[in-house]
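I have placed the structure first, in the form of structure tokens, so that the comments after it can refer back to it.
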Amino acid sequence: MGLSAEAQFHVLAVDDSVIDRKLIERLLKTSSYQVTAVDSGSKALEFLGLHDQDDQIDADIPSLSPDNHHQDVEVNLIITDYCMPGMTGYDLLRKIKESHVLKDIPVVIMSSENEPSRINRCLEEGAEEFFLKPVQLSDVNKLRPHMLKGRAMEDQSNINKRKVMEQTQTPERTRTKYNDLEVTS
């Protein structure tokens with residue numbers, strides 16, 4: 001993956017309607033986003049490496065597939081239709097927010113139905129935005145701040161993981177950092 005692809009934001013678009021999926025995909029690509037489009041919530045979870053298991057006891061521990069797709073491709077935002085057969089966009093939102101691995105990925109819900117109770121429920125559950133279909137370029141332009149926030153949270157998480165690794169990898173040596181300079185004693 002080249003530098004330009006790494007700098008690009010990656011959006012996972014989820015919609016059972018091929019027409020709506022193609023529209024959102026085109027709008028996102030026009031705005032220079034890398035896009036992966038799937039037609040169901042269960043395929044989205046599979047792509048993210050989280051299996052759809054209703055009998056999963058601990059939702060904080062995702063059941064990871066052997067070929068963890070989310071390890072290969074970083075997803076910066078998920079945009080999903082609300083009304084889909086099987087798993088709704090709301091169900092997908094809840095599964096993502098319940099996962100300690102995926103919870104920091106911003107989720108945007110879109111729907112052709114303007115129901116205030118549905119919109120409020122999604123926003124209360126952790127959705128960043130709720131767009132009414134048909135999604136327009138002005139809607140897509142609202143996504144970048146959410147992706148920046150998601151990336152900042154992920155960067156902070158990675159910094160914390162590195163600190164823990166530094167402390168546990170070399171127990172026989174003491175490491176001290178001063179202004180990002182490492183002093184090994």
Side-chain angles (χ1 to χ4, degrees), residues 8-56 58-65 69-70 73-151 153-154:
Q8 224 179 15
F9 287 113
H10 183 213
V11 179
L12 177 59
V14 188
D15 201 319
D16 62 311
S17 163
V18 69
I19 294 170
D20 288 334
R21 199 167 55 245
K22 292 291 183 193
L23 172 65
I24 191 70
E25 192 172 358
R26 180 172 291 177
L27 287 171
L28 290 165
K29 285 182 177 178
T30 299
S31 298
S32 301
Y33 295 120
Q34 180 184 353
V35 183
T36 299
V38 295
D39 63 3
S40 69
S42 58
K43 285 185 182 173
L45 289 178
E46 186 179 324
F47 179 81
L48 293 165
L50 188 65
H51 290 290
D52 176 23
Q53 295 179 344
D54 292 330
D55 58 349
Q56 190 174 331
D58 187 357
D60 284 339
I61 303 173
S63 174
L64 296 177
S65 63
H69 293 272
H70 71 283
V73 181
E74 177 189 358
V75 173
N76 302 103
L77 183 129
I78 299 163
I79 185 164
T80 181
D81 184 24
Y82 183 89
C83 292
M84 295 184 290
M87 181 186 300
T88 67
Y90 178 74
D91 296 333
L92 177 61
L93 169 69
R94 289 191 59 211
K95 287 189 180 288
I96 289 167
K97 294 305 175 183
E98 289 170 356
S99 165
H100 75 282
V101 175
L102 306 174
K103 69 181 178 188
D104 292 333
I105 299 175
V107 179
V108 172
I109 307 284
M110 52 187 175
S111 178
S112 56
E113 300 170 13
N114 187 0
E115 293 185 26
S117 62
R118 177 183 291 175
I119 294 168
N120 289 335
R121 189 170 76 186
C122 289
L123 295 173
E124 287 170 4
E125 193 64 41
E128 302 293 331
E129 296 273 353
F130 194 105
F131 293 155
L132 289 176
K133 289 182 177 181
V135 175
Q136 300 174 359
L137 192 56
S138 60
D139 295 322
V140 171
N141 292 337
K142 297 176 187 174
L143 298 177
R144 191 168 299 274
H146 299 300
M147 286 188 252
L148 290 170
K149 183 178 87 173
R151 185 173 274 180
M153 291 177 87
E154 186 174 295

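None of the values given here were measured: they were computed from a predicted structure.
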Min side-chain heavy-atom separation [X]-[Y] under 4.5 Å:
X      : Y      : value
Arg121 : Tyr82  : yes
Phe9   : Leu148 : yes
Ile79  : Asp15  : no
Leu137 : Asn141 : yes
Leu102 : Ile78  : no
Val18  : Asp39  : no

> Given the rule in the salt bridge (Lys or Arg N to Asp or Glu O under 4.0 Å) test, do Lys29 and Glu25 qualify, once you have shown the distances and angles that lead to the verdict?
Replying inline: CA-CA 6 Å; Lys29 285 182 177 178; Glu25 192 172 358; 3.4 Å; yes

Spacing of [atom1] belonging to [X] relative to [atom2] belonging to [Y], to within rounding of 0.5 Å:
X      : Y      : atom1 : atom2 : answer
Asp81  : Ser112 : CG    : OG    : 7.0 Å
Ile105 : Leu93  : CD1   : CG    : 12.0 Å
Cys83  : Lys133 : SG    : NZ    : 8.0 Å
Arg144 : Leu77  : CZ    : CG    : 11.0 Å
Ser99  : Arg94  : OG    : CZ    : 14.0 Å
Ile96  : Asp104 : CD1   : CG    : 12.0 Å

Minimum heavy-atom distance between [X] and [Y], given as atom pair plus value:
X      : Y      : value
Ile109 : Gly89  : CD1-O, 3.7 Å
Asp16  : Met84  : OD1-CG, 3.3 Å
Val14  : Gly41  : CG1-N, 3.9 Å
Glu128 : Pro106 : CG-CB, 3.6 Å

> Angle class for the His10/Phe47 ring planes (parallel below 30°, perpendicular above 60°, tilted otherwise)?
Replying inline: perpendicular

> side chain to side chain contact (heavy atoms under 4.5 Å, CB included) between Val11 and Met147: does it pass, once the steps are laid out?
Replying inline: CA-CA 9 Å; Val11 179; Met147 286 188 252; 4.0 Å; yes

>> Please check this pair: side chain of Asp139 against backbone of Gln136, looking for a donor-acceptor N/O pair closer than 3.5 Å.
In response: yes

> Between Arg118 and Glu113, is the closest basic N to carboxylate O distance under 4.0 Å?
Replying inline: yes

> Do Thr88 and Asp91 pass the side-chain hydrogen bond (donor to acceptor under 3.5 Å, both in side chains) test, and can you show the C-alpha distance, the side-chain angles, and the key distance before you say yes or no?
Replying inline: CA-CA 5 Å; Thr88 67; Asp91 296 333; 3.2 Å; yes

>> Against Leu143, only a single residue in Asn76, Leu27, Val108 fulfils side chain to side chain contact (heavy atoms under 4.5 Å, CB included); can you say which?
In response: Val108

